[in-house]
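Got a structure for you, questions after.
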Amino acid sequence: MLLKYRNDYEKVAMGLLSLIPDFKDIHQVNHQLEWYQQSDKRELFLYKNEFDNIVGIVGSENMEQYVLLRLIALTPQARGQQTSSKILTELMNIYPKKRLIGTLETTAIVEKWEREHGE
């Protein structure tokens, strides 16, 4: 289940963001959180699995016809369990009239999801 980011989740979000190689420094993690909060078009979601554990974070940017997947990070235990696919499916259920696209870093994840879902 996707949960929209709130300040209550700050420490969990920071931990998940630190799993991304580009965000190893606490200042980079804080900058990312601030960047998402500076625009209504950008959103962070936390992903809670079937055991009620938060195991992922996804960052998106909403455009007129697209949702841009900016980042996705999963705990080591959640990787390889179709978690990314579940997250992207839930994200697109939030924005059913838009198309999902990726950045240079996330395009492969989006393409794999599209192949699985016949998009």
Side-chain angles (χ1 to χ4, degrees):
M1 166 178 34
L2 284 179
L3 307 169
K4 197 167 186 178
Y5 173 80
R6 308 186 315 239
N7 288 337
D8 301 5
Y9 300 132
E10 182 177 31
K11 288 184 180 175
V12 174
M14 290 175 74
L16 290 165
L17 287 171
S18 71
L19 296 172
I20 298 172
D22 291 344
F23 306 144
K24 290 297 182 192
D25 181 280
I26 188 74
H27 300 294
Q28 294 166 316
V29 170
N30 283 328
H31 176 72
Q32 274 302 301
L33 286 176
E34 290 171 11
W35 187 78
Y36 276 94
Q37 293 173 342
Q38 291 172 352
S39 173
D40 291 339
K41 292 184 179 199
R42 296 185 289 250
E43 294 187 289
L44 277 176
F45 294 95
L46 300 175
Y47 180 74
K48 195 181 270 194
N49 68 10
E50 62 273 12
F51 304 109
D52 219 28
N53 298 319
I54 296 175
V55 297
I57 190 166
V58 61
S60 65
E61 188 168 358
N62 302 312
M63 300 177 183
E64 199 168 309
Q65 297 176 5
Y66 301 98
V67 174
L68 176 63
L69 179 66
R70 289 209 159 266
L71 64 86
I72 188 167
L74 303 171
T75 61
Q77 300 85 353
R79 295 178 192 151
Q81 298 178 354
Q82 298 277 324
T83 308
S84 294
S85 181
K86 292 174 188 175
I87 290 172
L88 297 185
T89 298
E90 284 194 31
L91 182 65
M92 293 319 298
N93 286 338
I94 295 170
Y95 304 105
K97 297 185 188 272
K98 296 187 178 187
R99 181 163 184 257
L100 182 63
I101 60 173
T103 63
L104 289 173
E105 292 84 12
T106 63
T107 294
I109 297 165
V110 172
E111 288 175 348
K112 180 180 179 202
W113 177 79
E114 285 177 337
R115 283 191 304 272
E116 291 172 357
H117 292 84
E119 298 291 318

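None of the values given here were measured: they were computed from a predicted structure. Residue numbers start at 1 and run along the sequence shown.
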Checklist entry - side-chain hydrogen bond (donor to acceptor under 3.5 Å, both in side chains): which pairs involve residues 64-74, sequence neighbours left out? => result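 Qualifying pairs: Glu61-Arg70.
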
Next on the checklist: Under the rule for side chain to side chain contact (heavy atoms under 4.5 Å, CB included), what residues qualify as partners of Thr89, not counting sequence neighbours?
Outcome noted: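 So Thr89 forms a side chain to side chain contact (heavy atoms under 4.5 Å, CB included) with Ser85, Asn93, Trp113, His117.
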
Checklist entry - For atom NZ of Lys112, is the number of surrounding heavy atoms from other residues, nucleotides or ligands below 6.0 Å larger than 12? => result no

Item to check | Test side chain to side chain contact (heavy atoms under 4.5 Å, CB included) applied to Gln37 - qualifying residues, sequence neighbours left out | outcome: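 Counting only residues at least two positions away or on another chain, Gln37 forms a side chain to side chain contact (heavy atoms under 4.5 Å, CB included) with Tyr5, Asn7.
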
Item to check | Closest non-hydrogen atom pair, Ile54 against Leu46 | outcome: CG2-CB, 4.0 Å

Checklist entry - Is Leu68 reachable from Ile94 through a run of I, L, V, M, F, W or Y residues, each pair having side-chain heavy atoms under 4.5 Å apart? => result no

Next on the checklist: Going by the rule side-chain hydrogen bond (donor to acceptor under 3.5 Å, both in side chains), which residues pair with Gln28 if we only count those two or more places apart in sequence or in a different chain?
Outcome noted: none

Item to check | Co-membership, hydrophobic cluster, residues Val58 and Val12, 4.5 Å side-chain | outcome: no

Item to check | Residue that, paired with Leu69, satisfies side-chain contact (heavy atoms from CB on, under 4.5 Å) out of Thr103, Ile87, Leu88 | outcome: Leu88

Next on the checklist: Any heavy-atom pair between the side chains of Leu2 and Leu91 that's under 4.5 Å?
Outcome noted: yes

Checklist entry - Which atom pair, heavy atoms only, marks the closest approach of Ile57 to Ala13? => result CD1-CB, 3.8 Å

Checklist entry - What salt bridge (Lys or Arg N to Asp or Glu O under 4.0 Å) pairs are there with at least one residue in residues 11-21, not counting sequence neighbours? => result none

Item to check | Nearest non-hydrogen partners of Ser84 and Leu74, listed with the distance | outcome: OG-CD1, 3.5 Å

Item to check | Spatial distance of atom CG (Leu33) from atom OH (Tyr9) [nearest 0.5 Å] | outcome: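 Taking CG in Leu33 and OH in Tyr9, the distance rounds to 14.5 Å.
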
Item to check | Pairwise side-chain contact, Leu17 with Leu71, heavy-atom cut-off 4.5 Å (strictly under) | outcome: yes

Next on the checklist: Hydrophobic clustering (ILVMFWY, side-chain heavy atoms < 4.5 Å, transitive) - are Val55 and Ile20 grouped together?
Outcome noted: no

Next on the checklist: Clusters formed by hydrophobic residues whose side-chain heavy atoms approach within less than 4.5 Å: which one holds Leu104, and what are its other members?
Outcome noted: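 The other cluster members (ILVMFWY side chains, heavy atoms under 4.5 Å, direct or chained): none.
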
Next on the checklist: I'd like to check the salt bridge (charged side-chain N to carboxylate O under 4.0 Å, His left out) partners of Lys4; sequence neighbours left out, ordered by chain and number.
Outcome noted: Glu43

Next on the checklist: Just verifying a value: how many Å separate Arg115 CZ and Glu111 CD, rounded to the nearest 0.5 Å?
Outcome noted: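 Taking CZ in Arg115 and CD in Glu111, the distance rounds to 6.5 Å.
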
Checklist entry - Which heavy-atom pair separates Ser60 from Phe45 by the least distance, and what is that distance? => result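 Looking at all heavy atoms of both residues, the closest pair is OG-CE1, 4.1 Å.
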
Item to check | Residues which pass side chain to side chain contact (heavy atoms under 4.5 Å, CB included) with Ser18, listed by chain and number, not counting sequence neighbours | outcome: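 Counting only residues at least two positions away or on another chain, Ser18 forms a side chain to side chain contact (heavy atoms under 4.5 Å, CB included) with Val29.
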
Next on the checklist: So, using salt bridge (charged side-chain N to carboxylate O under 4.0 Å, His left out) as the criterion, who are the partners of Asp25 when residues are at least two apart?
Outcome noted: none

Item to check | Residues in salt bridge (charged side-chain N to carboxylate O under 4.0 Å, His left out) contact with Asp52, at least two apart in sequence or another chain | outcome: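 Asp52 satisfies salt bridge (charged side-chain N to carboxylate O under 4.0 Å, His left out) with Lys48 only.
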
Checklist entry - Any side-chain heavy-atom pair from Leu19 and Leu16 closer than 4.5 angstrom? => result yes

Item to check | Pairs meeting criterion salt bridge (Lys or Arg N to Asp or Glu O under 4.0 Å) with involvement of residues 97-106, two or more places apart | outcome: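 Sorted pair list: Arg99-Glu114.
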
